[in-house]
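Heads up, the thing below is written out as structure tokens.
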Amino acid sequence: PSTAKSQFLKYVHGFSARAVYTSGKAASAAGLTASVVRDPDTGDFCVEAGALMLADNGICCIDEFDKMEGKDQVAIHEAMEQQTISITKAGIQANLNARTSILAAANPKHGRYDRTKTLKANVDMTAPIMSRFDLFFVVVDDCDELIDRSVATHIIDTHRGLATALDAPFSREELQIYIKHAKRVLPCITDAAKRRLIARYRTLRQNDAVGRSKSAYRITVRQLESLIRLAEAHARLHLSSQVQPENVDEAFRLLKKSIISVETEAVVLDEIEEEEDFLPLPGNANISQQDMDTDQQSPAPINEQALSEENDIENVRDHVDVIDDDDDDDQPLESVLKLSKKKKKKEKREKVKLSYEDYQRYSAVLTSHLRKQEKHNIPGLSRSALINWYIDAHRDIIGDDEDKIRDHSKLLKQIIKRLLKDESLIVVPTDADKVLLAVHPNYAPAGTLDLDLL
């Protein structure tokens, strides 16, 4: 709210040569499409055009689109998909043209856009309607000191009559003439643009199939038609008679920006020592995940035999965390003091944050490789083997720098540790003296398997 959406729609309504402005709350299905009324003079039934028919070959601006009733939104399905309006009423059957572009504005449900939710969860609109729009743009009213000062200054100057417009390199009339001339251009799709369109559409479909895009709607052939329309419009904008791959790339960028994705909080990875082995021993393969987490954070076991001669073991365990560093005269307590210091040092270490998207991509690649091993009757891989495979598979990206290899190895250890904690990976018990990792049978990756993204 309060981001000048209505002003933008009214400007487009006044700028375009053929445009109709209406408000969603006051508009009905008949008012948007067409209605059949009785002529008061002759008494015969006749068709009365609605907003979409009046804006044929123009723009229909609909404000407060989310306030429309559900039955009224359904009425414009055909107009947005087929560019026609069919009427069968009072003995009249007609198929009328509604070749119009729809520019709609809507507000979020609860007054403020929630970035952690999808666009569909923020706006009261049905999925079929949303899939028929080519582009979505979210205008968020973020708090920024400089922007707030500029907006307030402009509004106050407008009330005082002192507001001045920006000096544009062209006038409004020149822009209208240019757009009118660009509409006459009919570009054709070249073979290179055709191949690029197919590749871009496949990318959208694959990302949607694995849940990577988390968009407000499913990627269907409507988005392919949107790519074609946007690519042709971009070619018209440059007065080009052919649609080139560059036009397709720009259309793909616009479509990707308009697919609103979920902004999930960053994943916090626990810091580990290089020599730390957080995996359970083969003899304790059935240890619970809670016990594994406890073993990661607690110090090594106390040497009970050494302490039993002079101190009560239970008393020492109860006071391990409160032992002073100066009380190291008693020789048998040195090991306890070292463990206490080590534990405090671990608590001071900062945890690593990784974006949710990157974490899902790493997880998808690692779990996909483990599942491929299962298809070859390999029960699992050790942590070192899994890390070495990833580094070798991405050698062209990581390179041969030892520092980069060390950093990636450490990051992969932290990710594997998190996957174990979340029970996405499990430990496979074996007869040999090995600890193997496998994917949990119920794990479903949420990230894309595109290795190029990593």
Side-chain angles (χ1 to χ4, degrees), residues 1-16 19-33 50-52 54-55 58-77 79-81 100-156 158-159 213-218 222-223 226 230 254-265:
S2 185
T3 53
K5 299 185 300 297
S6 300
Q7 293 295 327
F8 183 78
L9 264 62
K10 288 183 177 180
Y11 179 83
V12 173
H13 171 250
F15 176 84
S16 179
V20 176
Y21 178 88
T22 182
S23 178
K25 188 64 177 177
S28 62
L32 289 175
T33 56
L52 294 177
L54 295 176
I59 299 176
C60 181
C61 302
I62 304 177
D63 199 4
E64 304 290 345
F65 191 80
D66 57 309
K67 304 299 189 300
M68 291 178 60
E69 300 292 339
K71 59 181 181 179
D72 298 332
Q73 290 186 3
V74 172
I76 65 175
H77 279 193
M80 297 182 69
E81 180 71 21
T100 176
S101 300
I102 296 180
L103 180 63
N107 287 320
K109 287 183 180 179
H110 307 293
R112 182 178 293 271
Y113 190 85
D114 189 355
R115 295 177 180 269
T116 61
K117 297 180 180 179
T118 59
L119 179 64
K120 187 178 185 303
N122 279 279
V123 182
D124 191 11
M125 294 171 58
T126 61
I129 284 287
M130 298 187 69
S131 65
R132 284 169 166 79
F133 281 100
D134 293 339
L135 297 176
F136 288 94
F137 294 99
V138 177
V139 184
V140 182
D141 185 16
D142 289 328
C143 297
D144 185 88
E145 183 179 357
L146 296 178
I147 296 178
D148 293 343
R149 182 184 293 111
S150 300
V151 171
T153 302
H154 176 73
I155 293 176
I156 294 173
T158 302
H159 283 277
S213 63
K214 290 187 177 61
S215 60
Y217 48 81
R218 292 297 304 274
R222 288 174 180 165
Q223 278 61 54
S226 298
L230 292 172
L254 288 171
L255 193 61
K256 286 287 290 181
K257 293 290 274 186
S258 69
I259 298 177
I260 308 302
S261 60
V262 178
E263 295 188 6
T264 313
E265 295 181 358

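Counting begins at 1 with the first residue of the sequence.
Nearest heavy-atom pair, Q223 versus S131, reported as atom, atom and distance to 0.1 Å: NE2-O, 3.4 Å. When every heavy atom of T33 is checked against every heavy atom of A29, the shortest pair comes out as OG1-O, 2.6 Å. Closest non-hydrogen pair, M68 versus I62, comes out as SD-CG2, 4.2 Å. When every heavy atom of D72 is checked against every heavy atom of A27, the shortest pair comes out as OD2-O, 3.6 Å.
Residue E81 places its CD atom among more than 12 non-hydrogen atoms of other residues, nucleotides or ligands, all under 6.0 Å distant. For NZ of K67, the number of neighbouring non-hydrogen atoms (other residues, nucleotides, ligands) closer than 6.0 Å is greater than 12.
Considering CD1 of I129 and NE2 of H77, their distance stands at 3.5 Å, rounded to 0.5 Å. The line from NZ of K256 to CG of L254 is 13.0 Å long, rounded to the nearest 0.5 Å. Here the CG-SG distance, from L54 to C60, works out to 9.0 Å after rounding to the nearest 0.5 Å. Note that CD of E64 and NZ of K5 are 7.0 Å apart. Values are rounded to the nearest 0.5 Å. Distance OG1/T22 to CG/L32: 6.0 Å, rounded to 0.5 Å. In this structure, L255 CG and D134 CG are separated by 8.0 Å, a value rounded to the nearest 0.5 Å.
The only option from L103, T3, V139 that meets the side chain to side chain contact (heavy atoms under 4.5 Å, CB included) definition with F8 turns out to be L103.
Applying the side chain to side chain donor-acceptor pair (under 3.5 Å) criterion to Q7, with sequence neighbours excluded, gives no partner residue. Taking the side chain to side chain contact (heavy atoms under 4.5 Å, CB included) definition, one finds that N122 meets it with Y113, D114, K117, sequence neighbours left out.
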Subject >> Chi angles and distances behind the side-chain contact (heavy atoms from CB on, under 4.5 Å) call for D141, R112 >> reply: CA-CA 9 Å; D141 185 16; R112 182 178 293 271; 5.9 Å; no

**OP:** May I have the step-by-step check of side-chain contact (heavy atoms from CB on, under 4.5 Å) for I102 and R132, ending in yes or no?
**Re:** CA-CA 10 Å; I102 296 180; R132 284 169 166 79; over 6 Å; no

**OP:** Show your working on side-chain contact (heavy atoms from CB on, under 4.5 Å) between T126 and V74 and close with a plain yes or no.
**Re:** CA-CA 9 Å; T126 61; V74 172; over 6 Å; no

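For F133 and F65, the ring centers sit closer than 6.0 Å to each other.
Of the possible donor and acceptor atoms, one in the side chain of T100 sits under 3.5 Å from a partner among the backbone N and O of A55. In this structure a side-chain-to-backbone donor-acceptor pair under 3.5 Å is missing from S16 to V12.
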